[in-house]
Amino acid sequence: MSQTYVFARNAPDAEYDRSLAWAALLLAAAGLVMVYSSSIATSESSRFTGNNAAWFLARHAVFLGAAVSVAIAVFLVPALWWQEAAPWLFLAGVLLLVAVLVPGLGREVNGARRWLALPVISVQPSELVKLAAVLYAADYTARKHAVMKSFKRGLLPMLAVMLLVSWLLLREPDFGALVVIAITAFGILFLGGMNGRHFAALLGMLAAGFAVLVISSPYRMQRIFGFMDPWSDAFGKGYQLSHALIAFGRGEWLGVGLGASVEKLHYLPEAHTDFLLAVIAEELGFVGVAVVIALFVWIVARAFAIGRQATLKERHFASLVAQGIGIWIGFQALVNMGVNMGMLPTKGLTLPLMSYGGSGLFANFVALAILLRIDWENRQLARGLPA
């Protein structure tokens, strides 16, 4: 209670990183506008939405409002609590991944079983596991810091846990979430002092594993070939990427104008989720895309800066969480942008803070609230006050 009182009554104006908060809010606000713009044609022509042009806008606005409200409450929770709760939150995430595979509980969409069908909303457990993985990997690394150089005592237990999570995600399947979680978790282990040779070997194993997964799946192979030359089968395996590239080409420097996209008119699939950036490029042009990229770069830079400040104060868990959040959001945004621009194979990853989806928004805003809390505690300690 005393911490809450200090925050509410006596905190100076610069008590938290306002630039980080504003960058996230600007991305979320722009995402709300672009989700509406990119989904109008889809919602107007669908019986599922009742032909309501604002259906996706209304739901996304509710998701965003709920995510911001939860984030404000999360900001008041000390970082130490997250460290104590990390193993239990991760266990809960694993149980949700199991539940989504149970017939009757999991909901299948487009051949993938990734959602839990709750009475009011659908929840995507893999989005929540991304946050749980950051907290668990940071807690594990902080606890095992003395033995992180050891393969048997340091790396092997975490590797076993990640193999379990990987198997569950591949059962859905959700290859994109698997890549993000694996990169984030092992990035945290590396920052926490993993043996360099072990890390290099692990990267080799991950690369080989991903290659086997691609080669063993005709569906993934088609995505790879479609990425390499989308125009060879522009109406088949290269359909999504070819229309995303057309959207980028039409946008040029300043775009065709907000709401004036042609590609969102049933040409570009998943325009309000996976390919939201392509609609931004078409309507707002190079300038709009550059602003989005700059805001993400700033969020990632501030996450690592906050992590370094926590390290200087010997707050190892807080430091790893901050940097882990930076890796997660930065890597997922990079992959989504790469897919939209034709630089990476098509992958079902949304643009953090912007794309339509309640589970993703909730996880992103909770993560940023934890990041802001870590920064607030750093500032409190620097002033000689309890955090």
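Counting from 1, the numbers follow the sequence of the chain as shown. Side-chain atoms are counted along with the backbone in the values below, which use heavy atoms only and exclude waters and symmetry mates.
- Listed for the Glu127 side chain is no donor-acceptor partner under 3.5 Å among the backbone atoms of Ser359.
- Note on Ile293: it clusters hydrophobically with Val33, by side-chain heavy-atom contacts below 4.5 Å among ILVMFWY residues.
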**Q.** Audit row: Asp139, Phe90, side chain to side chain contact (heavy atoms under 4.5 Å, CB included) steps and yes/no
**A.** CA-CA 11 Å; Asp139 172 58; Phe90 187 73; over 6 Å; no
Please tabulate, one pair per line, all N/O donor-acceptor pairs under 3.5 Å involving side-chain atoms of residues 322-329, not counting sequence neighbours.
residue, atom, partner, partner atom, Å
Gln323, NE2, Ser319, O, 3.2
Gln323, NE2, Ser319, OG, 2.9
Trp328, NE1, Gln332, OE1, 3.4

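- Under the 4.0 Å criterion applied to side-chain N and carboxylate O atoms, Glu15 and Arg383 are assigned as salt-bridge partners.
- Cluster annotation: Val123 and Val98 are assigned to the same hydrophobic cluster (Ile/Leu/Val/Met/Phe/Trp/Tyr, side-chain heavy-atom contacts under 4.5 Å, transitive).
- Ala382 meets the side chain to side chain contact (heavy atoms under 4.5 Å, CB included) test with Lys313; sequence neighbours excluded.
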Under 3.5 Å, sequence neighbours excluded: what are the donor-acceptor pairs made by side chains of residues 154-171?
residue, atom, partner, partner atom, Å
Ser166, OG, Met162, O, 2.7

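- Although no hydrogens or angles enter the test, the distance criterion places a donor-acceptor pair under 3.5 Å between the side chain of Ser242 and the main chain of Tyr239.
- For the 3.5 Å distance criterion, the side chains of Glu172 and Ser126 fail to qualify, holding no donor opposite an acceptor.
- The hydrophobic cluster containing Ile40 also contains Leu258, counting ILVMFWY residues as joined when their side-chain heavy atoms lie under 4.5 angstrom apart, directly or transitively.
- Atom OH of Tyr267 is surrounded by 12 or fewer heavy atoms from other residues, nucleotides or ligands within 6.0 Å.
- Residues Val74 and Ala369 come closest through the heavy atom pair CG1-CB, 3.8 Å.
- Between the Glu263 side chain and the Glu282 main chain, no donor and acceptor come within less than 3.5 Å of each other.
- Nearest heavy-atom pair, Ala79 versus Arg315, reported as atom, atom and distance to 0.1 Å: CB-NH2, 4.0 Å.
- Across Gly330 and Val300, no two heavy atoms sit closer than the pair CA-CG2, 3.5 Å.
- Every pair passing ring-ring contact (aromatic ring centres under 6.0 Å, His included) that includes a residue from residues 30-54 is listed here, sequence neighbours excluded: Phe48-Trp55.
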Please set out all donor-acceptor pairs under 3.5 angstrom arising from side-chain atoms of residues 334-344, sequence neighbours excluded.
residue, atom, partner, partner atom, Å
Asn336, OD1, Asn340, ND2, 3.4
Asn336, ND2, Asp274, O, 3.0
Asn336, ND2, Leu349, O, 2.7
Asn340, OD1, Ala278, N, 3.1
Asn340, ND2, Asp274, O, 3.0
Asn340, ND2, Asn336, O, 2.8

Would you give me the side-chain donor-acceptor pairs under 3.5 Å for residues 183-212, sequence neighbours excluded?
residue, atom, partner, partner atom, Å
Thr184, OG1, Val180, O, 2.7
Asn195, OD1, Arg197, N, 2.8
Asn195, OD1, His198, N, 3.3

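- Lys264 pairs with exactly one of Ser39, Ser38, Ser37 by the side-chain hydrogen bond (donor to acceptor under 3.5 Å, both in side chains) rule, that one being Ser37.
- Criterion: ILVMFWY side-chain heavy atoms under 4.5 Å apart, direct or through other members. Under it, Leu96 and Val102 are part of a common hydrophobic cluster.
- Side-chain atoms of Ser355 do not come within 3.5 Å of backbone N or O of Thr350 as any donor-acceptor pair.
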Q.
side chain to side chain contact (heavy atoms under 4.5 Å, CB included) for Asp17 and Arg379? Distances and angles first, verdict last.
A. CA-CA 10 Å; Asp17 193 329; Arg379 295 170 188 248; 3.9 Å; yes
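- Aromatic ring orientation, Tyr136 versus Tyr140: tilted (interplanar angle from 30° to 60°).
- Side chain of Asn51 to main chain of Glu44: a donor-acceptor pair is present (N/O by atom type, distance under 3.5 Å, no hydrogens or angles).
- Of the possible polar contacts, one joining the Ser45 side chain to the Thr42 backbone as a donor-acceptor pair under 3.5 Å is found.
- Heavy atoms of other residues, nucleotides or ligands lying less than 6.0 angstrom from CZ of Phe362 number 12 at most.
- Note: Trp376 and Phe75 have perpendicular aromatic rings, judged against thresholds of 30 and 60 degrees for the angle between ring planes.
- Side-chain polar atoms of Tyr16 and Arg373 form no donor-acceptor pair below 3.5 angstrom.
- Shortest non-hydrogen contact noted between Phe63 and Gly357 is CD1-C, 4.1 Å.
- Placement of Val256 and Leu268 in two distinct hydrophobic clusters is found when ILVMFWY residues are connected by side-chain heavy-atom separations under 4.5 Å, directly or transitively.
- For Trp81, the CH2 atom is densely surrounded, since the number of other residues' heavy atoms within 6.0 Å is greater than 12.
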(Q) Under the criterion side chain to side chain contact (heavy atoms under 4.5 Å, CB included), I'd like the reasoning laid out for Phe248 against Phe286: C-alpha separation, chi angles, the key distance, then a yes or no. (A) CA-CA 8 Å; Phe248 271 87; Phe286 172 82; over 6 Å; no
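- Closest non-hydrogen pair, Ala133 versus Ile181, comes out as CB-CG2, 3.9 Å.
- Using modelled atom types, one finds no donor on one side chain facing an acceptor on the other under 3.5 Å when comparing Gln240 with Thr346.
- No donor-acceptor pair under 3.5 Å is formed between the side chain of Arg113 and the backbone N or O of Glu108.
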Q: Show your working on side chain to side chain contact (heavy atoms under 4.5 Å, CB included) between Leu368 and Leu371 and close with a plain yes or no.
A: CA-CA 5 Å; Leu368 289 172; Leu371 182 59; 4.1 Å; yes
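- Closest non-hydrogen pair, Arg114 versus Val100, comes out as C-CG2, 3.5 Å.
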